[in-house]
Amino acid sequence: MIDRRLITNFDWMLLGLVLLICAVGVVNIYSASSSYVLSGTPYYLKQMSWVLVGLAIMLLVCSIDYHLLEDVAYWFYGILFLLLLVVLAFGKTSMGATRWLHLGFISVQPSEPMKIIGIITMARILANIPVSGGLGLRELAFPALMIGAPAILIMKQPDLGTAILVILIAGSMLAFVGIRLSALAAVCIATVPAVWLGWHYYLRDYQKNRVLNFLDPERDPLGTGYHIIQSKIAVGSGGLFGKGFLQGTQSQLRFLPEQHTDFAFSVFAEEWGFVGSLVVLLLYAVLTLWGLQIARRCNDRFGSLVAVGVTAMLFWHIIINIGMVIGLFPVVGVPLPLFSYGGTSMITSMTGIGILLNISMRRFMF
Amino acid sequence: MNGQRFIRDTQEPKRQLVVLLIAVGVFFFILVTRLWYLQIIKAEDFQSLSENNRLRLVPVAASRGTIFDRNGAVLVSNRPSFSVAVIPQEVRDRDWLVDQLVTLLGADRDELVKKWEKGKGRARYYPIVLASGITRDQLELLEEKRLWLPGIEVEMKPVRQYENGTLAAHLLGYIGEISDEELKNPAFVGYNSGDYLGKSGIERSWEEVLHGHDGGRQIEVDARGRILRTIAETPPTMGSSLVLTIDAQLQKRAEQAFGDQAGAAVVMEVNTGEILAFVSNPEFDPALFAGRMPPEIWKQYLEDKRHPLENKALKGQYPPGSTYKIITALAGLEEGIIDDHTTVTCKGSYALGNTTFRCWDKKGHGAVDLRRALRESCDVYFYVLGEKLGIDRLSAYAQKFALGAPMGVGLDNEKGGLIPTSAWKLQRHKTRWFQGDTLSAAIGQGYVLMTPIQLASMTAAIATDGIVYRPRLVKRIIDRDGKVLREFQPEIITRADISPRSFKSVKEGLWAVVNESGGTGGMSRIPDVRVAGKTGTSQVVKLRDTRGFIPYQYRDHALFVAYAPYEHPEVAVAVVIEHGEHGGSAAAPIAGSILRAYFEGKGVIRRPVKAGKGTAAGDDGSGENATSDEGAQPREDQE
């Protein structure tokens with residue numbers, strides 16, 4: 001049953017890369033959370049257990065032929081879409097947002113798996129559209145609806161970061177397939193009123209504030225603007241070689257509440273400097289390029305599209321998170337894959353990696 | 001599955017990969033450029049920002065919520081207290097600084113160092129509290145030297161103020177510094193070392209409501225510690241306040257009635273379950289726990305035979321003695337074993353097998369019916385009844401009143417008492433239930449245990465013909481503006497399905513206990529209002545020789561339960577006097593004083609009455625297996 005080629009073709013490079021990033025992440029979380037008076041298990045140990053859980057899920061995902069995903073895509077999509085509706089109706093509100101659904105023994109946050117299922121759904125749609133010279137407006141309609149609808153539901157929760165990610169991932173996949181210039185122009189023109197409407201009717205006040213604070217950090221030195229200022233000082237004061245492990249002064253502030261999650265990279269940049277940051281960026285760049293390479297080598301369109309989608313998911317997380325930490329983007333609460341503390345992010349990333357491995361090791365099956 | 005996927009569809013998307021590659025390259029290039037800008041070009045600026053302009057977090061402590069009595073009188077509030085904290089980041093010579101503090105504050109060196117060590121492991125700009133509750137004089141001394149003591153901060157924070165001293169101390173509880181175990185407890189996530197939290201009573205059990213959230217102010221300071229500007233501020237949110245069901249006036253009078261006798265009393269509204277007074281005597285001083293407890297007072301508390309630190313109303317489990325005859329009587333009536341006219345002849349004792357069970361009155365009561373058996377608390381009548389009922393039928397009736405389990409009064413660690421059954425004994429003691437055990441249980445001795453809360457609840461349930469309300473201490477939660485956040489409604493735990501006829505018979509007996517000649521509870525009588533009640537005496541140890549001097553800790557407990565007015569019951573009271581010996585003489589007058597205070601408060605009793613409590617009447621012995629439930633000589637009928 002197990003094809004020997006699957007083992008010989010196992011993508012050790014990708015696995016090694018992932019383990020390396022996770023290891024750096026755990027070490028960094030150790031430092032980032034060392035200034036906390038802890039009750040219970042330290043964060044870095046919890047993160048290690050999340051890495052192990054993630055690896056198990058990854059192995060599970062890559063053991064089942066990914067072609068199966070094409071068949072179940074719409075089913076999963078339908079279920080998740082319903083769950084998103086249910087969450088809006090009955091979800092548990094935590095910290096001002098309704099994302100969690102409690103099913104007795106387990107809590108689910110359907111917006112997170114929607115990233116992966118969105119990729120698979122898009123891949124299935126796009127794999128079956130004959131393309132010559134790029135997608136036209138007519139061909140764009142269905143995929144746009146399939147991604148737009150859940151994205152709006154997620155934005156309603158409100159979880160702006162995830163909604164933007166879902167859209168960016170789908171956009172990347174469309175770019176991979178190719179869009180006709182005329183269609184692209186039309187979409188760009190249509191975006192203007194959509195953004196205007198979105199700003200006025202969909203964004204919550206705090207989300208608007210985040211964008212405004214990003215544009216002018218002095219506007220709110222107490223809240224999100226403060227995070228940006230502090231994070232920039234942390235990163236910048238790291239200098240060329242950094243202040244050294246556990247030596248960060250600026251980022252070891254308890255006042256920065258998400259320093260081990262969304263702001264983990266600013267701790268790292270302060271302690272390891274420009275050189276350290278480059279190393280991490282390099283690791284992520286290699287990961288991204290490797291993902292694209294898997295897409296290139298894959299012999300079927302569905303597989304290629306999924307590989308591009310997963311790579312785009314990792315890529316946009318990386319760009320948005322680091323961009324946010326160094327003051328390039330607004331604070332939207334997007335974690336750095338494999339690096340930030342947290343089980344949800346770890347599981348999503350590892351599932352994606354599992355799919356990549358899956359595609360990678362089955363490339364010679366045709 | 002379609003066959004299409006097995007062929008290379010098209011080369012076109014592969015070309016599009018170039019687009020993606022360029023996009024990836026561009027974005028990573030932007031990130032690197034930005035990092036270069038921040039970490040290489042602007043590095044010095046940011047380094048000086050991070051080094052010269054130090055940040056400091058000044059915690060702003062939240063006030064705990066206020067605790068009010070039912071009429072809005074403040075029971076517990078807050079007053080400002082000053083404490084000395086150190087910011088480790090600012091300190092160059094720790095030993096020198098500690099020396100200075102030792103001289104200035106007269107503090108204990110080891111203690112200061114210990115607290116300092118405990119506060120480590122947090123951000124170095126975060127203040128560690130070294131001494132709290134410092135006096136104005138110390139404060140002035142410190143302020144004078146402040147400039148020469150870098151790193152020292154004086155913080156103001158609110159501390160608990162108990163408006164009435166020791167009043168209701170066991171109920172209100174006290175607060176104290178968070179312990180190491182509590183810090184590790186996930187229930188107290190968000191608390192820091194040095195924080196205060198409720199340790200007992202209402203303060204503990206309603207901690208979540210009362211606590212509030214500390215705020216903080218992050219300030220930028222220069223190298224000398226001078227404040228340059230405030231960067232961020234989170235205002236503290238005051239904890240919510242509680243309105244208790246307690247009536248402070250009644251509570252005060254109830255405590256006064258106890259004098260220096262040890263014991264507990266619970267006063268409850270019969271139609272709501274609201275607890276009006278909750279006495280555990282003697283009290284302790286809760287303020288001493290929040291501040292510095294003088295060792296000699298601590299020692300005194302520990303050595304006092306009356307155990308002032310014990311919450312007797314909540315955790316005291318006493319054999320209910322003859323007050324339990326109420327349950328036995330109801331069981332007998334309901335099971336058809338007795339009716340109002342059934343008589344038993346009491347010859348002063350009852351023989352079961354080889355054992356003799358004695359009545360408290362060795363002379364014997366002669367032929368007694370139910371009314372007289374209750375009035376004069378004839379033990380033999382209830383021995384006979386108990387024997388016919390059997391323990392399991394008897395206990396089933398106790399359970400109809402929700403006895404034998406904590407009543408959910410809203411305080412942690414409430415005890416549940418014990419209603420024994422034959423199965424319980426087999427499991428717990430690995431021996432079968434004996435008839436003799438039943439006889440003891442029928443008069444509330446042996447294994448039966450009840451808390452003062454349960455005694456009051458049982459009495460209230462008699463008054464309401466079987467409705468058992470959950471006894472409650474908290475009426476509502478309000479915010480600092482007085483807005484009601486949550487209102488607690490009366491909650492019925494259960495309804496004892498017992499016929500009104502049976503209740504009527506028992507109630508007539510209870511009326512007779514207080515109001516008829518020969519009744520054991522005459523000393524609870526008050527003007528204008530008719531009281532119904534039952535005395536009880538519960539054995540602490542079995543003593544053969546009851547003559548002569550009995551050491552305090554071996555004397556019997558005295559109990560009295562009552563409700564009033566007899567016609568339209570409003571209030572129930574249960575009084576336990578530890579080692580008070582006789583229910584009729586020790587507990588009944590206290591119950592009387594409490595009821596009088598209640599009805600005076602309501603304006604029902606207007607006559608000013610001379611203070612003057614009945615004194616213990618003559619002593620009558622207690623048999624080896626029996627209780628003495630003496631009759632204080634009934635007073636002349638005042639009506």
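Note that these values count all heavy atoms, side chains included, but never hydrogens, waters or copies made by symmetry. In what follows, chains carry the letters A, B, and so on, assigned in the order in which the sequence lines appear, proteins first and then strands, with residues in each chain numbered from 1.
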Could you give the distance from [atom1] ([X]) to [atom2] ([Y]), rounded to the nearest 0.5 Å?
X         : Y         : atom1 : atom2 : result
Ser237(A) : Leu38(B)  : OG    : CG    : 10.0 Å
Leu240(A) : Ile40(B)  : CG    : CD1   : 4.5 Å
Leu20(B)  : Arg296(A) : CG    : CZ    : 13.5 Å
Phe46(B)  : Glu270(A) : CZ    : CD    : 12.0 Å

| task | Using atom types as modelled and distance alone, determine if a side-chain donor or acceptor of Glu44(B) lies under 3.5 Å from a backbone N or O of Gly239(A). | result | no
| query | When only pairs under 4.5 Å are counted, which of Ala285(A), Gly323(A), Ala175(A) shares the most heavy-atom pairs with chain B? | reply | Ala285(A)
| Pick from Leu278(A), Leu281(A), Leu289(A) with the largest number of heavy-atom pairs that fall under 4.5 Å of chain B | Leu281(A)
| request: Quickly, which of Ile326(A), Val235(A), Ile322(A) forms a side-chain contact (heavy atoms from CB on, under 4.5 Å) with Arg34(B)? Name it, please. | output: Ile326(A)
Looking only at heavy atoms, which two atoms of [X] and [Y] are closest? And how far apart?
X         : Y         : value
Ala269(A) : Gln39(B)  : O-NE2, 3.1 Å
Val32(B)  : Phe274(A) : O-CE1, 3.9 Å
Phe176(A) : Leu17(B)  : CE1-CG, 3.6 Å

| query | So with a 6.0 Å cut-off around CD1 of Ile41(B), is the heavy-atom count from everything else above 12? | reply | yes
| query | Does CD belonging to Glu208(B) count more than 12 external heavy atoms closer than 6.0 Å? | reply | no
| Quick one: does Thr288(A)'s side chain get under 4.5 Å of Phe28(B)'s, heavy atoms only? | yes
| query | Of the backbone (N, CA, C, O) and the side chain (C-beta and beyond), which part of Ala312(A) lies under 4.5 Å from a heavy atom of chain B, both, or neither? | reply | neither
| query | Which region of Val19(B), side chain (C-beta onward) or backbone (N, CA, C, O), has a non-hydrogen atom less than 4.5 Å from a non-hydrogen atom of chain A, or is it both or neither? | reply | neither
| Proximal component of Leu31(B), with respect to chain A [non-hydrogen, under 4.5 Å] | both
